[in-house]
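Notes to accompany the following structure.
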Amino acid sequence: MTLKAKEIYVNLSVKDLNKSVEFFKQLGFDFHPEMTDENATCMIVGDNIFVMLLTEPFFKTFTNKALGDSTKTTEVIVAISVDSRKDVNDMVNKALEAGGSTSNDPMDNEYMYAWSFQDIDGHLWEVMAMPEKKD
């Protein structure tokens with residue numbers, strides 16, 4: 001039997017929840033109001049894909065490990081796909097306008113177009129579009 005997850009929740013620590021919510025709202029993301037309080041919010045990334053933005057003190061209640069400084073180290077790159085090259089550029093440009101910074105230069109090859117940014121807490125986001133295969 002193969003395991004198939006129903007949903008994915010990525011948990012990210014943030015220094016200021018309100019600033020992070022505002023940042024991601026400027027990129028066009030919505031949030032579950034019933035899953036939001038002063039410690040956390042649930043950002044809707046896709047039909048079954050969510051990012052939990054957790055304040056650092058609240059995040060620490062889920063692990064015994066030390067919390068890394070995402071402005072200096074990387075443990076994960078959150079990669080999301082969008083419909084087109086224009087959508088990639090639009091999202092990254094919105095992130096830059098909202099206070100994020102570039103992570104890497106755009107990558108353009110026959111398999112995909114991608115560009116990445118760092119959010120205001122230093123987490124890495126890769127936005128990609130893959131051309132449709134023609135039969």
field: Test side chain to side chain contact (heavy atoms under 4.5 Å, CB included) applied to Leu53 and Val14, Asp121, Asp119, the passing residue
entry: Val14
field: Connected via hydrophobic side-chain network under 4.5 Å: Phe59 and Val51
entry: no
message: side-chain contact (heavy atoms from CB on, under 4.5 Å), that's the test. Do Val88 and Trp115 meet it? Break it down for me.
response: CA-CA 7 Å; Val88 170; Trp115 194 10; 3.8 Å; yes
- request: Grab the two heavy atoms, one from Pro131 and one from Glu110, that are nearest each other, plus how far apart they are.
  value: CG-O, 3.8 Å
query: What is the distance from atom CG of Leu124 to atom OG of Ser116, rounded to the nearest 0.5 Å?
result: 7.0 Å
query: Considering all heavy atoms of both residues, which atom of Thr41 and which atom of His32 are nearest to each other, and what is their separation?
result: OG1-O, 4.5 Å
field: Atom pair CD/CZ of Glu97 and Phe23 - distance to nearest 0.5 Å
entry: 10.5 Å
task: Taking Thr63 for its side chain and Lys65 for its backbone only, find out whether a donor-acceptor pair lies under 3.5 Å.
output: yes
Side-chain donor-acceptor distances from residues 2-11 under 3.5 Å, at least two apart:
unit_1, atom_1, unit_2, atom_2, d
Glu7, OE1, Tyr9, OH, 3.0

- prompt: Just how far is it from atom CG of Asn18 to atom CD of Glu38, taken to the nearest 0.5 Å?
  reply: 10.5 Å
task: Over 60° means perpendicular and under 30° means parallel, so classify the ring planes of Phe29 and Trp125, tilted if in between.
output: tilted
task: Give me the other members of the hydrophobic cluster that Met128 sits in, counting Ile, Leu, Val, Met, Phe, Trp and Tyr linked by side-chain heavy atoms under 4.5 Å, directly or via other members.
output: Met107, Met112, Met130
- prompt: So do the side chains of Tyr113 and Pro106 get within less than 4.5 Å of each other, counting heavy atoms only?
  reply: yes
task: Might you work through the side-chain contact (heavy atoms from CB on, under 4.5 Å) test for Met43 and Met52, ending with a clear yes or no?
output: CA-CA 6 Å; Met43 183 169 73; Met52 297 298 300; over 6 Å; no
statement: The ring pair (Phe, Tyr, Trp, His ring centres under 6.0 Å) partners of Phe62 (sequence neighbours excluded) come to Phe58
- prompt: Under 4.5 Å between side-chain heavy atoms, hopping through other hydrophobics if needed: is there a path connecting Leu12 to Phe31?
  reply: yes
query: Under 3.5 Å, is there a donor-acceptor pair between the side chain of His123 and the main chain of Ser13?
result: yes
task: Check for a donor-acceptor pair, side chain of Asn89 on one end and backbone N or O of Val92 on the other, with a separation under 3.5 Å.
output: no
message: If the condition is side-chain hydrogen bond (donor to acceptor under 3.5 Å, both in side chains), which residues does Asp69 pass it with, not counting sequence neighbours?
response: Thr71
- prompt: Between Phe50 and Val45, is a side-chain contact (heavy atoms from CB on, under 4.5 Å) present by the stated rule, with each step listed?
  reply: CA-CA 5 Å; Phe50 308 94; Val45 177; 5.9 Å; no
message: Does anything in residues 79-90 form a salt bridge (charged side-chain N to carboxylate O under 4.0 Å, His left out)? List the pairs, not counting sequence neighbours.
response: Arg85-Asp108, Lys86-Asp90
Asn39 vs Leu54, side-chain contact (heavy atoms from CB on, under 4.5 Å): CA-CA, chis, key distance, verdict: CA-CA 6 Å; Asn39 293 311; Leu54 311 171; over 6 Å; no
- request: Indicate the atoms forming the closest heavy-atom contact of Glu126 with Ile77, along with that distance.
  value: CB-CG2, 3.9 Å
Listed once per pair and sorted, the salt bridge (charged side-chain N to carboxylate O under 4.0 Å, His left out) pairs that draw on residues 12-23, sequence neighbours left out: Lys15-Glu56
